[in-house]
There are 2 protein chains.
Amino acid sequence: MTSATRTGTKGVARADREQQILDVAGGVFAEQGFAATSVADIAREAGISKPLIYNYFGSKEGLFERCLLEASSLLIGEIERSARLGAVGLRRALVTLEGVFAALDGRAWVWAVANDPTAPVSDAAGDVLGSYRRRLEELATEGVGELLALAGDDDALDLDAMTTVWSNVFTSLVTWWCEHPGVTPDQMSARCERLFGAVFGMSVSG
Amino acid sequence: MTSATRTGTKGVARADREQQILDVAGGVFAEQGFAATSVADIAREAGISKPLIYNYFGSKEGLFERCLLEASSLLIGEIERSARLGAVGLRRALVTLEGVFAALDGRAWVWAVANDPTAPVSDAAGDVLGSYRRRLEELATEGVGELLALAGDDDALDLDAMTTVWSNVFTSLVTWWCEHPGVTPDQMSARCERLFGAVFGMSVSG
DNA sequence: TCGATATGACTCGCGAGTAAGTTACCACGG
DNA sequence: CCGTGGTAACTTACTCGCGAGTCATATCGA
């Protein structure tokens, strides 16, 4: 007979408990941001006590790092998979967006965690975030470079600025989608194709 | 004979001191973000004590609200002035960007404060921020609506998504500029014209 | 009985906000 | 000219709550 709150084991294996905590933490971090959530919040939400989290993850940063690792692995994996598909220019951008929409379907917290503006910058979590962002930046620079070269612009600062802009376009499209849960990945992909078409004044269906 | 640290007045009028505090606070908030800066940080930076800030501004939010008020007034004023110039479409976007670059020259903290992701959402500061963002959104929706209508797209969600994207493009161009202090407003305006030309595949000089 | 799973009840530092006092200046009556 | 009191400007030294992290202890299956 186990009463509602009582010390002692509940018979949940460490691996299972860790995964459960990670799922809960991902949701809470996504909703409130790293800075605004307390470890006690996550413990309460998971129905366990704070020390158990410290036993398994060491610190608040440690827990966040694990969430971030899951999130950035998923995203980077998907984006590199898209890159290997061999599409170029605008088509590549669209393919990448579609891949991310599909990968994120039902896991919207992944995006929020990977883009949390209150995430810690030092520690291991900061490193994970840094290499994730660097990788995205590389990919973006590639695509933007092609576009600018095509337009005869080879200014290095132009490339840098345009890469930033494109990264933000990508981010804002995904974020917009995350904030509209009723929209399916397919609908969102179609929307992106329409918008690209309107902006670039050309068909991108080839 | 006044020693370095001593209680008592220093003969600085309230209005002057308030302005000095606002200047210092703007810089610190811009650099560290609202959440990460303590009132003690600002007091130390300004060479005064914490209670004086509470005397003059009531609370940390109150101080931030005053900074935000200065920042958003400057930005909204400038953007509406640009709007009254009567340019349309892409030209209007460029004119607005140029106006903001000129208005922000030497006051980069204004932009960082107005876009602080850790700014409080409730209280008066949240209201100021809210109405600032709403106004920007209106302006953006106007311009984007023209563009999409031109392309034969009248989907409401497309307009909403595209407005978000455009707002982020605008924001990222200004932010990029704020992070490159060596670039003059004129140079940045020229860069924007080049990039717009490359992306939209047309001259925007008319 | 041992080790893994678990928790209640702490410590400790940090930062927002405050109470109470100190100094300089100025307007006024003598 | 000289107190003298009022007020604006300013500070030191607190309180207080919250959240990260810890310690000692409890339960349970093998």
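Just so it is clear: chains get the letters A, B, ... in the order the sequence lines come, proteins before strands, and each one is counted from 1.
The CD1-C1' distance, from B:Ile21 to D:dA9, rounds to 11 Å in whole Å. D:dA20 atom P lies 11 Å from atom CG of A:Leu63, rounded to whole Å. Distance A:Asn55 CG to C:dG8 P: 14 Å, rounded to the nearest Å. The distance from atom CD of B:Glu18 to atom P of D:dA8 is 14 Å, rounded to the nearest whole Å. Taking atom CG of residue B:Leu52 and atom C1' of nucleotide C:dT23, one finds them 14 Å apart after rounding to whole Å. A straight line from CZ of A:Arg44 to P of D:dG19 spans 9 Å, rounded to a whole angstrom. As rounded to whole Å, 13 Å separates atom C1' of C:dA16 from atom CG of B:Asp41. In this structure, B:Tyr56 places its OH atom 18 Å from P of C:dG17, rounding to the nearest Å.
The local environment of CZ in B:Arg107 is sparse, with at most 12 non-hydrogen atoms from other residues, nucleotides or ligands closer than 6.0 Å.
With hydrogens and angles left out, the side-chain atoms of B:Gln19 and B:Asp23 include a donor and acceptor closer than 3.5 Å.
Between the side chain of B:Trp176 and the main chain of A:Val165, no donor-acceptor pair closer than 3.5 Å is present. A donor-acceptor distance shorter than 3.5 angstrom exists from the side chain of A:Thr118 to the backbone of A:Phe34, with no hydrogens or angles considered.
Among the protein residues, A:Phe57 comes within range of no part of the nucleic acid, since none of its heavy atoms lies under 4.0 Å from any strand.
Side-chain N/O atoms of A:Tyr54 include none lying less than 4.0 angstrom from OP1 or OP2 on D:dC23. At least one side-chain nitrogen or oxygen of B:Ser49 sits closer than 4.0 Å to the OP1 or OP2 atom of D:dT11. Of the side-chain N and O atoms in A:Arg17, none sit less than 4.0 angstrom from OP1 or OP2 of C:dA4. For D:dA20, one of the phosphate oxygens OP1 or OP2 lies less than 4.0 angstrom from a side-chain nitrogen or oxygen of A:Lys60. Between B:Thr9 and C:dA24, a side-chain N or O to OP1/OP2 separation shorter than 4.0 Å is absent.
Of the candidates D:dG21, D:dC10, C:dT5, the closest approach to any side-chain atom of A:Glu61 belongs to D:dG21. For A:Val12, the listed nucleotide lying nearest its side chain is C:dA6; candidates were C:dA6, C:dT18, D:dT22.
Residues in residues 59-81 of chain A take part in these salt bridge (charged side-chain N to carboxylate O under 4.0 Å, His left out) pairs, two or more places apart or across chains: A:Glu18-A:Arg66, A:Glu78-A:Arg81, A:Glu80-A:Arg135.
Put simply, the side chain of B:Lys50 and the base of C:dG17 share a donor and an acceptor less than 3.5 Å apart.
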